[in-house]
Amino acid sequence: MSTSLSLVVAAVDDTVPGVRSVRLVRPDGGTLPGFTPGSHVLVTCGPPGTSAVANAYSLTGDSVAPRAYTISVLRLDAGRGGSRWVHALATGDRVEVTSPRSAFPPVLAARRHLLVAGGIGVTPILSHLRSAVRWGRDVEVLYAHRPGAAAHLEDLRDLAGDALTCLTDRTALGDHLERRLADQPVGTHLYTCGPAGFMDTVTLAARRLGWPDERIHVEHFGVDDLDPGESFEAVLRASGRTVPVPSGTSLLDALEGAGLSVPNLCRQGVCGECRVRVAAGTPLHRDLVLSDAEKAAADTLLCCVSRAADDRLELDL
Amino acid sequence: MNPALELTSVPAWAVRPSTPPCDPAATACTAVAVGAEAVDVATTWLAGAVAPGRLHALASTDEALAVVDAELAEARVGWRLLVAGPLTAVLPLRARALAGGLVDAELSVATTTTDDLLVTCAHCAAVTSAPTHVGGVVPCVGCDRRLLVHHHVSRRQGTFLGYQVDAEQWGTEQWGTGQWETERWEEGA
Amino acid sequence: MTTQPSVDRALVTGFPFPFPTDRYRYTTNVEPAPRVVGTPAGQWGASVVDVDGEYHRELVERAAVLERDPSRYAVLDHMAPACWDTMLTLMRELAATYPDVMSLDGDGPSYVWTNRLLDVEQPFTYARPSTLPDEPLRYVAGQVQEDLVLLDQRDGDLWGDAGLVTFAADWSFGFDVGMSFLEIHGPVPRLRETGVITRAREFIMRLQPGAPYRRTNWTLTIGRQLDVSTERYPEWGPDRPRILTVDDTTFGREVHLRTEVQHLVRLEESGAVLFLIRTYLLPFEELARVEPWRATTAAVLADLPDDIADYKGVAGYRDRAVTWLHARTP
Ligand code: HEM
Ligand code: FES
């Protein structure tokens with residue numbers, strides 16, 4: 001559902017070893033869509049138009065009427081190549097990003113915000129901190145990083161002042177975390193971003209200290225999104241035609257593209273309008289409408305979100 | 001024709017007395033009990049807690065509200081609260097605890113009786129406390145209208161919604177009297 | 001019978017007729033917005049906010065309702081950022097939709113809002129209450145005809161934690177403030193059992209900024225009355241038995257099909273969901289002049305299950321309404 005934005009690199013910053021910050025702007029210099037603190041964009045890590053990896057990077061800058069999107073990327077030499085590509089960008093290069101998606105927002109009703117960052121996981125935490133300062137929220141920041149390799153340390157210091165604690169040693173981190181988690185006023189919410197093992201440590205400690213899940217927030221980088229799915233072929237019974245459905249295109253879009261009109265409303269798998277009969281093949285149901293029994297019967301599917309379990313689906317159309 | 005109550009904003013404990021268990025994950029707990037019967041419920045709740053607990057036995061809702069305020073000001077995350085007592089006490093106590101920043105998972109509610117309800121008049125906003133039930137009719141202490149108790153409870157106000165039961169009754173002075181005298185029409189809202 | 005149109009033609013041509021078919025049941029009827037829908041009389045749906053010929057009249061009425069009953073406006077403390085977000089979002093939307101008469105200049109944090117329909121030129125600074133003559137949500141509610149409800153998303157749920165609702169169709173905003181989405185819908189029959197409202201909740205929780213959705217809802221209202229809130233039920237409730245006693249001409253003039261066009265917008269900065277409710281009223285005498293509308297409305301009303309008719313408050317006079325509509329078959 002995200003629209004895509006074509007931006008240009010306005011500046012790069014390599015001050016912190018291994019971490020590059022990139023400032024992206026509209027070619028016309030205009031304002032970009034605002035975003036909820038903690039949001040990320042998917043960056044297509046390759047020349048526009050190619051099928052390159054898309055990586056999720058948190059936005060670290062101001063979230064209201066932003067003139068730029070800034071991301072900070074840790075170079076991972078063993079990764080899929082996305083971070084290496086970002087590290088090779090130069091001023092003036094074009095970059096395709098999706099519009100921002102929010103999956104790690106601050107809880108407006110929180111009485112206090114405890115932000116716990118590990119390494120490069122500081123990026124969405126920084127964005128949380130900016131909004132906490134803007135709205136005068138009570139905030140405390142714990143930042144665990146390797147000695148000498150702290151991205152955005154100056155930004156955090158400026159924004160958080162005394163509310164920031166930096167920790168560079170594992171044992172010290174464990175002790176401090178335990179102490180701080182045990183002593184938060186009852187309306188506090190906890191947010192953590194960092195390597196998976198780090199976030200597990202933080203959430204386990206919080207649960208052990210009686211924190212209910214409602215108060216624990218972990219950055220998963222948009223796992224809630226429907227994945228683009230595998231490509232398959234839809235065969236239309238009536239005409240015998242075959243309609244290819246590529247990954248990232250819904251069956252409904254593909255059918256409409258082939259000139260068919262299928263009743264639909266929400267295009268999100270909630271209204272039930274786009275139900276079509278399946279003559280052969282196994283549907284991969286991803287809607288919220290059909291009952292378990294209807295799904296098991298496998299003779300209908302909601303074509304706006306559902307796909308084929310294998311490479312072929314025959315439809316009564 | 002009304003939906004089953006468990007599918008509405010009316011909590012189960014607002015319909016019949018209840019005794020919830022304490023969350024074993026708690027690192028501290030407090031039970032606030034209004035009335036003698038509630039003390040028994042609170043004692044049972046605390047006995048099920050793994051963490052250290054405190055019991056406040058109080059005679060009135062006002063005293064209990066003050067205790068909840070004081071506890072909230074001191075409490076750390078990990079704490080769980082039980083409010084126990086007649087429905088007319090626990091609804092406002094729950095409202096206070098939620099306004100103080102608790103989430104549902106941190107709050108247990110136990111009712112010792114649900115015979116009396118608090119009803120907010122939709123028309124004059126007065127709150128009437130009276131022996132009644134969902135679907136019952138009570139006279140409003142503010143405007144004297146006869147209020148139908150709706151199957152709708154506000155967690156923030158801690159009351160049921162009531163609205164005039166006979167606004168559609170033929171025979172109000174505006175329309176004279178006639179064959180419709182006693183017939184109640186379909187309910188609004 | 002008079003042949004004079006009783007309402008402005010634009011209210012007929014722009015009326016969002018809510019029935020796609022002859023049968024109405026509750027569904028999770030959401031669709032991407034905006035999108036123009038053609039009708040036998042005209043069209044609707046071109047924008048998220050809609051200013052029409054009733055603009056001044058409705059804003060005056062909103063102010064009067066608020067003056068008389070301040071509980072129609074409520075903002076729980078934590079929703080302040082969402083109110084600023086709402087104001088900015090609606091001003092941008094209005095400026096983009098009505099560039100001839102409205103504009104929002106500046107690119108933050110300082111702006112100037114201009115609305116020539118109301119003779120307003122208002123500079124303000126985002127998130128600075130002292131720069132506005134009113135609280136942001138109440139201020140912007142004075143610029144749009146829509147009622148506004150703000151939903152906070154937390155604890156895996158949605159909460160109706162702020163809003164300004166002066167034109168409620170038999171519900172009480174003041175009572176509902178602070179409730180969860182499912183609690184708010186508790187009074188409606190069938191919604192939970194059928195899964196309609198839990199699906200709606202899942203859907204709303206996934207809503208993204210920049211991709212608004214909309215749905216319609218409908219009921220019947222006696223008289224051209226926007227504020228038929230539960231608060232004022234003692235005043236409008238007696239209209240229901242009375243309408244059975246009036247002659248056919250009066251019946252057609254007084255009974256209105258009421259459509260609510262409801263938009264759902266994810267707000268960019270606060271992450272809250274803005275729910276806009278825009279109310280349109282069309283008297284039966286006008287509705288009956290558009291043949292497909294007359295026929296469909298008659299069919300829907302005749303088929304409406306008792307519990308839904310009862311909930312909508314039309315059970316007492318729907319038979320009369322059906323008969324009245326049938327009698328106007330060309
Ligand atoms: C996709 C989203 C939604 C769906 C499918 C939905 C569905 C419905 C339906 C079917 C009704 C009954 C209406 C009638 O028969 O007249 C209703 C009533 C209502 N809806 Fe929604 N709704 C949605 C979103 C919302 C939102 C976001 C709000 C805002 C808080 C809201 C507030 C209400 C209220 C206050 C009522 C009246 C309940 C009462 O009688 O007290 N709805 N809704
Ligand atoms: S279009 Fe709504 S479920 Fe597919």
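To find a chain, count down the sequence lines: A is the first, B the second, and so on, and within it residues start at 1. FYI, side chains are in, hydrogens and waters are out, and symmetry mates aren't considered; it's all heavy atoms of this structure. Everything quoted here is computed from the prediction, not taken from an experiment.
Contacts between B:A99 and chain A at a heavy-atom distance below 4.5 Å involve the backbone alone (N, CA, C, O). Of the atoms belonging to A:A206, not a single heavy atom falls under 4.5 Å from chain B.
Checked against side-chain hydrogen bond (donor to acceptor under 3.5 Å, both in side chains), A:N264 has the following partners two or more places apart in sequence or in another chain: A:E256, A:R267. Listed by chain and number, the residues in a ring pair (Phe, Tyr, Trp, His ring centres under 6.0 Å) with A:H285 amount to none (sequence neighbours excluded). With sequence neighbours excluded, the residues forming a side-chain hydrogen bond (donor to acceptor under 3.5 Å, both in side chains) with A:T60 are A:T70, listed by chain and number.
Smallest separation of non-hydrogen atoms from B:V103 and A:P212: CG2-CG, 4.2 Å.
If you tally non-hydrogen atom pairs under 4.5 Å between each of A:L181, A:L190, A:V186 and chain B, the highest count goes to A:V186.
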Check chain A and chain B for donor-acceptor pairs under 3.5 Å and report each one on its own line.
{"residue": "A:R111", "atom": "NH2", "partner": "B:A99", "partner atom": "O", "Å": "2.5"}
{"residue": "A:D183", "atom": "O", "partner": "B:R76", "partner atom": "NH1", "Å": "3.3"}
{"residue": "A:D183", "atom": "OD1", "partner": "B:R76", "partner atom": "NH1", "Å": "3.0"}
{"residue": "A:Q184", "atom": "O", "partner": "B:V77", "partner atom": "N", "Å": "2.7"}
{"residue": "A:V186", "atom": "N", "partner": "B:A75", "partner atom": "O", "Å": "3.1"}
{"residue": "A:G210", "atom": "O", "partner": "B:R80", "partner atom": "NH1", "Å": "3.1"}
{"residue": "A:G210", "atom": "O", "partner": "B:R80", "partner atom": "NH2", "Å": "3.0"}
{"residue": "A:R215", "atom": "NE", "partner": "B:E106", "partner atom": "OE1", "Å": "3.4"}
{"residue": "A:R215", "atom": "NE", "partner": "B:E106", "partner atom": "OE2", "Å": "2.7"}
{"residue": "A:R215", "atom": "NH2", "partner": "B:G101", "partner atom": "O", "Å": "2.7"}
{"residue": "A:R215", "atom": "NH2", "partner": "B:E106", "partner atom": "OE1", "Å": "2.7"}

